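Every value quoted in this text rests on a predicted model; they were computed, and no experiment measured them. By convention in this document, chain letters (A, B, ...) are assigned in the order of the sequence lines, proteins followed by strands, and residues within each chain are numbered from 1.
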Amino acid sequence: DTAVSQTPKYLVTQMGNDKSIKCEQNLGHDTMYWYKQDSKKFLKIMFSYNNKELIINETVPNRFSPKSPDKAHLNLHINSLELGDSAVYFCASSQGSGVYGYTFGSGTRLTVV
Amino acid sequence: GESVGLHLPTLSVQEGDNSIINCAYSNSASDYFIWYKQESGKGPQFIIDIRSNMDKRQGQRVTVLLNKTVKHLSLQIAATQPGDSAVYFCADRDQAGTALIFGKGTTLSVSS
């Protein structure tokens, strides 16, 4: 039973489209995150979210928006996709606000053509 | 600003050797560090962590050393195996304590 699952695993889409990536965790964690990994493997925080607070990395374009229907889910919606959005996106979760070890999902490879 | 980085982007070793992966950090207030392993096509996996009140912590075949004086930590892997081939990241908490900040990663290649 996968602890943090993301769908889809691969996503190929055209510039200008709107797409969503889903994330679910069954660990009972109360904080979830989205990270972007570029072609050089650099992992960059995009959002952290618990049921009280959304924290947005100021460098993230407002075309990106996290949506959390409940504590176990944090989806990532992207509007007007651009070529530079191509990357691997990882969802992660942790317990509490202390930010100790995360559990990551297996990633979604987004390719914008 | 804060940053967590690794000294070398790649490291190649022979099976059975010991591997040492290094990481430098800039935030002297950092109090918690983690090492992650990322295999090809997978998400990062937790390996070992260390708090700033410790100098050393050991796990199964792995040891993390923390030198707060020079703001440096290292991951030592004993008797490296082909299955250890992966990208290794160090990470610490951002200043607000709301997320982990990752270094750039070292790709470890193990040849048999």
Side-chain angles (χ1 to χ4, degrees), chain A residues 2-10 21 23-25 27 29-50 52-60 66 74 87-109, chain B residues 1-6 8-11 21 23 25 27 29-54 57 59 62 64 75 85-109:
Chain A
T2 305
V4 180
S5 59
Q6 296 178 227
T7 55
K9 188 167 177 66
Y10 300 97
I21 305 172
C23 179
E24 175 182 5
Q25 54 94 5
L27 298 167
H29 287 167
D30 59 10
T31 306
M32 297 182 73
Y33 311 84
W34 279 105
Y35 278 79
K36 178 180 180 181
Q37 187 171 49
D38 64 21
S39 58
K40 296 182 179 178
K41 300 289 187 182
F42 185 53
L43 275 162
K44 189 173 181 181
I45 180 71
M46 299 177 72
F47 305 100
S48 65
Y49 184 82
N50 63 23
K52 300 174 186 175
E53 191 175 14
L54 170 65
I55 298 174
I56 303 171
N57 184 314
E58 60 186 13
T59 66
V60 175
L74 183 65
V88 181
Y89 292 84
F90 286 98
C91 176
S93 69
S94 69
Q95 179 58 35
S97 57
V99 192
Y100 297 106
Y102 294 168
T103 301
F104 278 89
S106 58
T108 296
R109 181 174 293 277
Chain B
E2 66 205 54
S3 66
V4 180
L6 293 171
L8 290 175
T10 60
L11 176 64
I21 300 171
C23 179
Y25 62 95
N27 180 10
S30 290
D31 63 350
Y32 178 69
F33 303 89
I34 308 177
W35 282 97
Y36 278 86
K37 172 187 180 183
Q38 185 179 18
E39 296 176 278
S40 181
K42 297 184 179 180
Q45 273 186 297
F46 174 92
I47 303 173
I48 191 167
D49 59 2
I50 188 167
R51 294 179 188 270
S52 60
N53 61 354
M54 303 172 70
R57 190 161 187 223
V62 295
V64 57
L75 177 71
S85 294
V87 181
Y88 290 81
F89 296 93
C90 64
D92 71 344
R93 290 188 287 202
D94 65 5
Q95 291 187 350
T98 57
L100 290 176
I101 303 300
F102 286 78
K104 291 185 180 178
T106 289
T107 299
L108 176 65
S109 299

Original post:
So, Tyr102(A) side chain and Ala99(B) main chain: donor-acceptor pair closer than 3.5 Å or not?
Top reply: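 Looks like no, no N/O pair under 3.5 Å.
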Once rounded to the nearest 0.5 Å, what's the spacing between atom [atom1] of [X] and atom [atom2] of [Y]?
X         : Y        : atom1 : atom2 : answer
Lys104(B) : Lys40(A) : NZ    : NZ    : 8.0 Å
Tyr49(A)  : Thr98(B) : OH    : OG1   : 15.0 Å
Leu100(B) : Ser48(A) : CG    : OG    : 10.0 Å

Subject >> Centroid-centroid distance, Phe42(A) to Phe102(B), less than 6.0 Å >> reply: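 That pair fails the under 6.0 Å test.
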Original post:
Are Phe46(B) and Phe104(A) close enough that their ring centers fall under 6.0 Å?
Top reply: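 Not under 6.0 Å, so no.
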**OP:** Would you indicate whether the side-chain heavy atoms of Ile101(B) and Ile45(A) approach each other to under 4.5 Å?
**Re:**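 With C-beta onward as the side chain, the pair touches.
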**OP:** Against chain A, label Gln45(B) side chain, backbone, both or neither, depending on which of its atoms sit under 4.5 Å from a heavy atom there.
**Re:**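 Contact with chain A involves no heavy atom of Gln45(B) at all.
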Subject >> Minimal non-hydrogen separation, Phe89(B) against Gln37(A), with atom names >> reply: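 So the two residues come closest at CZ-NE2, 3.5 Å.
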**OP:** Would you mind checking which part of Tyr35(A) comes under 4.5 Å of any heavy atom in chain B, side chain (CB onward), backbone (N, CA, C, O), both or neither?
**Re:**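 For Tyr35(A), side-chain heavy atoms alone lie under 4.5 Å from chain B.
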Subject >> Heavy atoms from other residues, nucleotides or ligands near NZ of Lys42(B) exceed 12 (cutoff 6.0 Å) >> reply: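 Atom NZ in Lys42(B) is not crowded, with 12 or fewer foreign heavy atoms closer than 6.0 Å.
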